[in-house]
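Have a look at the structure below, then the notes.
Numbered from 1 within each chain, the chains take letters A, B, ... in sequence-line order. Fair warning: this is a prediction, and the values are worked out from it, not measured in the lab.
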2 protein chains.
Amino acid sequence: MARAATTADVFNAVAEPRRRQIVDLLAAGEISVNELVQLLGLAQPQVSKHLRVLREVGVVDVRDEGRQRLYRLNGQALKPIHDWVKAYEHTWNQRFDLIDDVLAELKAQEEDDANFNGEGDHTG
Amino acid sequence: MARAATTADVFNAVAEPRRRQIVDLLAAGEISVNELVQLLGLAQPQVSKHLRVLREVGVVDVRDEGRQRLYRLNGQALKPIHDWVKAYEHTWNQRFDLIDDVLAELKAQEEDDANFNGEGDHTG
DNA sequence: TTGACGCATTCCCATATCGGCATATGATTG
DNA sequence: CAATCATATGCCGATATGGGAATGCGTCAA
């Protein structure tokens, strides 16, 4: 068996840098193929091919406008990627450590409250 | 030119479902190759190959323990993926719509201020 | 030392890629 | 209708893939 098709899922579709670039460009709004060709500096057929891949996985939608085709981003299709990496965000994001601290402090306060309703510890 | 190597970057490395599965399994802690073979139900050589790819892009680290090799996750290597998709989180997360509203409101206020400050030209 | 174990590497093969190029399709204009 | 513009598709070649099977190699046990 060979490598999975680029259209197999969003992960494969977006593994290609050019396609991520297209997504980034479409973030600004609807763009025609020709405009993308200009912006990317690629040949028109390659752009159309990349767009086809993105279409097949639902990352972009098309709309016919005369003889142009306006592509637009459908960010929702990227959600599976975000859902997956989000689980590993804590490994580089210090904020999660702070959340841990806050939670620990809250828990300690609860225990204090349970024992004695007195002065609150506010040290860091 | 063919498709970019799986070791070209994290995006390509993680496009393979098996490798994401390995990452998910390693989230629990260090695991030996044999354990991964059991958990994945794959042949040992394929697992070693997948691990090699993940190693080359820095997603996993290895440690020798006798005749075993213990793999561990290095979540930081996944950050580029998160950084990229994060920009599109607002398309499915309602919370960001609220932020959008606030930003739009702020922008409207700024424009009001600009007009008030004496921008003579009035387009529209 | 011999053998068994744990893992990595190598070879083979069917497959799908991406880019270049030519061409087909569809809409607009003359 | 013919010509042109905007886009999509088809074919080509070079390349790397992922799984299967065999093998290499270091480590531990007898």
Side-chain angles (χ1 to χ4, degrees), chain A residues 1-23 25-26 29-73, chain B residues 1-23 25-26 29-73:
Chain A
M1 203 176 285
R3 211 208 287 210
T6 54
T7 55
D9 53 51
V10 202
F11 289 90
N12 279 282
V14 157
E16 168 69 40
R18 303 290 197 177
R19 286 195 284 266
R20 284 200 301 279
Q21 205 179 344
I22 290 178
V23 169
L25 289 172
L26 290 180
E30 278 187 338
I31 307 187
S32 72
V33 177
N34 240 339
E35 287 172 319
L36 284 171
V37 169
Q38 304 295 326
L39 292 168
L40 294 167
L42 285 182
Q44 175 268 314
Q46 335 302 341
V47 174
S48 281
K49 288 175 195 170
H50 283 313
L51 287 170
R52 187 184 215 280
V53 173
L54 293 174
R55 240 189 309 140
E56 288 198 25
V57 296
V59 172
V60 302
D61 293 322
V62 215
R63 182 170 71 87
D64 284 38
E65 177 84 13
R67 48 183 164 185
Q68 297 197 139
R69 308 202 80 192
L70 300 181
Y71 281 82
R72 75 150 63 169
L73 182 62
Chain B
M1 203 175 288
R3 214 208 286 210
T6 55
T7 56
D9 52 53
V10 204
F11 288 90
N12 280 282
V14 157
E16 167 69 40
R18 302 292 199 177
R19 288 196 281 267
R20 284 200 302 278
Q21 205 178 345
I22 291 178
V23 169
L25 289 171
L26 291 179
E30 277 187 338
I31 306 187
S32 72
V33 177
N34 241 337
E35 287 173 319
L36 284 172
V37 169
Q38 305 294 326
L39 293 168
L40 294 168
L42 285 182
Q44 175 267 313
Q46 333 304 342
V47 174
S48 280
K49 288 178 199 169
H50 284 313
L51 287 169
R52 188 184 214 282
V53 173
L54 292 175
R55 241 190 308 140
E56 288 197 25
V57 296
V59 171
V60 302
D61 294 322
V62 215
R63 182 169 70 88
D64 284 39
E65 178 84 15
R67 47 182 164 182
Q68 298 196 135
R69 309 202 80 191
L70 300 180
Y71 281 81
R72 78 177 308 174
L73 182 61

Please find the pair of heavy atoms, one from B:L51 and one from B:V33, that lie closest to each other, and give the distance.
CD1-CG2, 3.9 Å
Calculate the interatomic distance between A:R18 atom CZ and C:dC18 atom C1'; express it in whole Å.
11 Å
Compare the minimum distances between each of D:dA16, C:dG20, D:dT7 and the side chain of A:S32, then state the nucleotide with the smallest one.
D:dT7
Can you figure out which of D:dG18, C:dA8, D:dC5 approaches the side chain of B:R55 most closely?
C:dA8
Taking atom types as they are modelled, is there a donor-acceptor pair under 3.5 Å from the base of C:dG20 to the side chain of A:Q46?
yes
For B:Q68, answer base if it contacts any base atom (sugar-phosphate contacts may also be present), sugar-phosphate if it contacts only those atoms, and nothing otherwise; contact means non-hydrogen atoms under 4.0 Å.
sugar-phosphate
Below the 4.0 Å mark, does C:dT9 have OP1 or OP2 next to a side-chain nitrogen or oxygen of B:R52?
yes
Protein-nucleotide distance (A:I22, atom CD1; C:dC18, atom P), rounded to Å:
11 Å
Name the closest nucleotide to the B:R3 side chain, picking from D:dA8, C:dT9, C:dT17.
C:dT17
Between C:dA16 atom C1' and B:E16 atom CD, what is the distance in whole Å?
14 Å
Any side-chain N or O of B:R69 under 4.0 Å from OP1/OP2 of C:dA8?
yes
Round to the nearest Å and state the distance from A:R63 atom CZ to D:dA6 atom P.
17 Å
Grab the CG-P distance between B:L51 and C:dT9 for me, whole Å please.
11 Å
A:N12 to A:R19 - nearest heavy-atom pair and separation
O-NH2, 3.9 Å
Is A:S48 touching bases, backbone alone, or none of the nucleic acid, heavy atoms closer than 4.0 Å?
base
Under 3.5 Å donor-acceptor, B:R72 side chain and B:G29 backbone:
no
So which nucleotide from D:dA21, C:dA27, C:dG20 ends up closest to the side chain of B:K49?
D:dA21
Rounded to whole angstroms, how far apart are NE2 on B:H50 and C1' on D:dG20?
13 Å
Side-chain donor/acceptor contact of A:Q44 with base of D:dA6 under 3.5 Å:
no
Between A:Y71 and D:dA8, is there a contact of a side-chain N or O with OP1 or OP2 at under 4.0 Å?
yes
Mapping A:A4 and A:V47 onto DNA chain D by nearest heavy atom, which one lands closer to the 5' end?
A:V47
Given C:dT17, D:dC5, C:dT9, which nucleotide is nearest the side-chain atoms of B:A2?
C:dT17
Looking at C:dC7, I'd like to know if its phosphate oxygens (OP1 or OP2) sit under 4.0 Å from a side-chain N or O belonging to B:N34.
yes
Which of these, A:V60, A:T7, A:D61, sits in a side chain to side chain contact (heavy atoms under 4.5 Å, CB included) with A:R55?
A:V60
Length of the line joining B:N12:CG and C:dC18:P, which is rounded to integer Å
9 Å
Quick one, B:R18 and B:L42 - any side-chain contact, counting heavy atoms below 4.5 Å?
yes
